[in-house]
Amino acid sequence: QVQLVESGGGLVQAGGSLRLSCAASGRTFSRYAMGWFRQAPGKEREFVAVIRSGGTTYYADSVKGRFTISRDNAKNTVYLQMNSLKPEDTAVYYCARHNGVSQSIYSTGSYDDWGQGTQVTVSS
């Protein structure tokens with residue numbers, strides 16, 4: 001099991017930027033794809049971005065061109081740089097470790113370990 005701790009959330013005005021970090025425990029971090037998801041009040045948790053162990057990235061259409069996911073395997077950390085933030089980006093953001101087995105990288109069910117979440121609030 002991998003322990004995940006997110007940080008970097010906060011309150012920002014529309015058009016602003018935030019960078020989220022997710023620190024992972026464990027020596028096998030580099031072997032797994034790592035994803036970011038978000039959940040707004042009253043809505044289901046949704047896929048935001050994922051980075052494979054080899055560095056390939058995928059994004060939800062709603063954040064493509066504005067968000068960038070990256071990882072530093074030496075630091076066991078994955079990042080989410082969020083630019084041009086919009087009020088509809090307001091949510092609790094979670095990082096998660098892919099289980100390494102499931103074909104899907106977009107489904108919450110494909111991820112075994114989750115962080116506690118960090119709140120991102122974008123004011124208009």
Side-chain angles (χ1 to χ4, degrees):
Q1 191 174 6
V2 175
Q3 303 288 332
L4 302 172
V5 179
E6 301 100 334
S7 61
L11 174 64
V12 64
Q13 289 189 333
S17 298
L18 283 173
R19 188 176 83 152
L20 306 183
S21 299
C22 173
S25 66
R27 295 174 291 178
T28 61
F29 171 81
S30 63
R31 293 169 48 186
Y32 294 97
M34 297 294 297
W36 284 98
F37 290 76
R38 66 186 182 187
Q39 188 167 19
K43 295 188 177 181
E44 292 188 352
R45 194 169 298 189
E46 65 175 7
F47 169 79
V48 174
V50 64
I51 184 167
R52 292 191 182 275
S53 57
T56 305
T57 58
Y58 301 88
Y59 298 92
D61 288 342
S62 59
V63 307
K64 202 171 294 182
R66 300 187 298 122
F67 291 11
T68 302
I69 188 171
S70 60
R71 66 191 300 163
D72 185 336
N73 290 332
K75 295 183 178 179
N76 276 14
T77 302
V78 61
Y79 304 97
L80 186 68
Q81 177 67 43
M82 305 186 296
N83 298 329
S84 301
L85 283 161
K86 304 175 181 180
E88 51 263 45
D89 294 317
T90 295
V92 177
Y93 283 71
Y94 299 89
C95 70
R97 179 188 68 84
H98 192 270
N99 61 24
V101 175
S102 299
Q103 294 283 352
S104 173
I105 55 172
Y106 305 109
S107 170
T108 57
S110 299
Y111 293 78
D112 280 350
D113 299 308
W114 294 81
Q116 83 288 349
T118 185
Q119 176 70 47
V120 171
T121 303
V122 184
S123 63
S124 56

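- In this structure, a donor-acceptor pair under 3.5 Å is present between the side chains of S17 and N83.
- L80 and F29 fall within a single hydrophobic cluster, where Ile, Leu, Val, Met, Phe, Trp and Tyr side chains are chained together by heavy-atom contacts under 4.5 Å.
- The residues K64 and D61 are annotated as salt-bridged, a charged nitrogen and a carboxylate oxygen being separated by less than 4.0 angstrom.
- Distance check: I105 CD1 to N99 CG gives 12.0 Å after rounding to the nearest 0.5 Å.
- Screening Y111, W36, Y106, Y58 for a ring-ring contact (aromatic ring centres under 6.0 Å, His included) with F47, the sole residue that qualifies is Y106.
- Atom CD of E6 is separated from atom OG1 of T118 by 7.0 Å, given to the nearest 0.5 angstrom.
- To the nearest 0.5 Å, atoms CZ (R52) and OH (Y32) are separated by 14.5 Å.
- Taking the salt bridge (Lys or Arg N to Asp or Glu O under 4.0 Å) definition, one finds that D72 meets it with nothing, sequence neighbours left out.
- Taken from CZ in F67 to CG in L20, the straight-line distance is 8.0 Å, to the nearest 0.5 Å.
- Remark: R19 pairs with no residue by the salt bridge (Lys or Arg N to Asp or Glu O under 4.0 Å) rule, at least two apart or across chains.
- Here CG of D112 is found 9.0 Å from NE2 of H98. Values are rounded to the nearest 0.5 Å.
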Step by step, work out the side chain to side chain contact (heavy atoms under 4.5 Å, CB included) result for V63 and R38. CA-CA 12 Å; V63 307; R38 66 186 182 187; 3.9 Å; yes
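- Taking a 6.0 Å sphere around NZ of K43, one finds it holds 12 or fewer heavy atoms contributed by other residues, nucleotides or ligands.
- In summary, the aromatic rings of F37 and W114 are positioned with their centroids under 6.0 Å apart.
- Sorted by first then second residue, the disulfide (SG to SG under 2.5 Å) pairs that include residues 24-56, not counting sequence neighbours, number zero.
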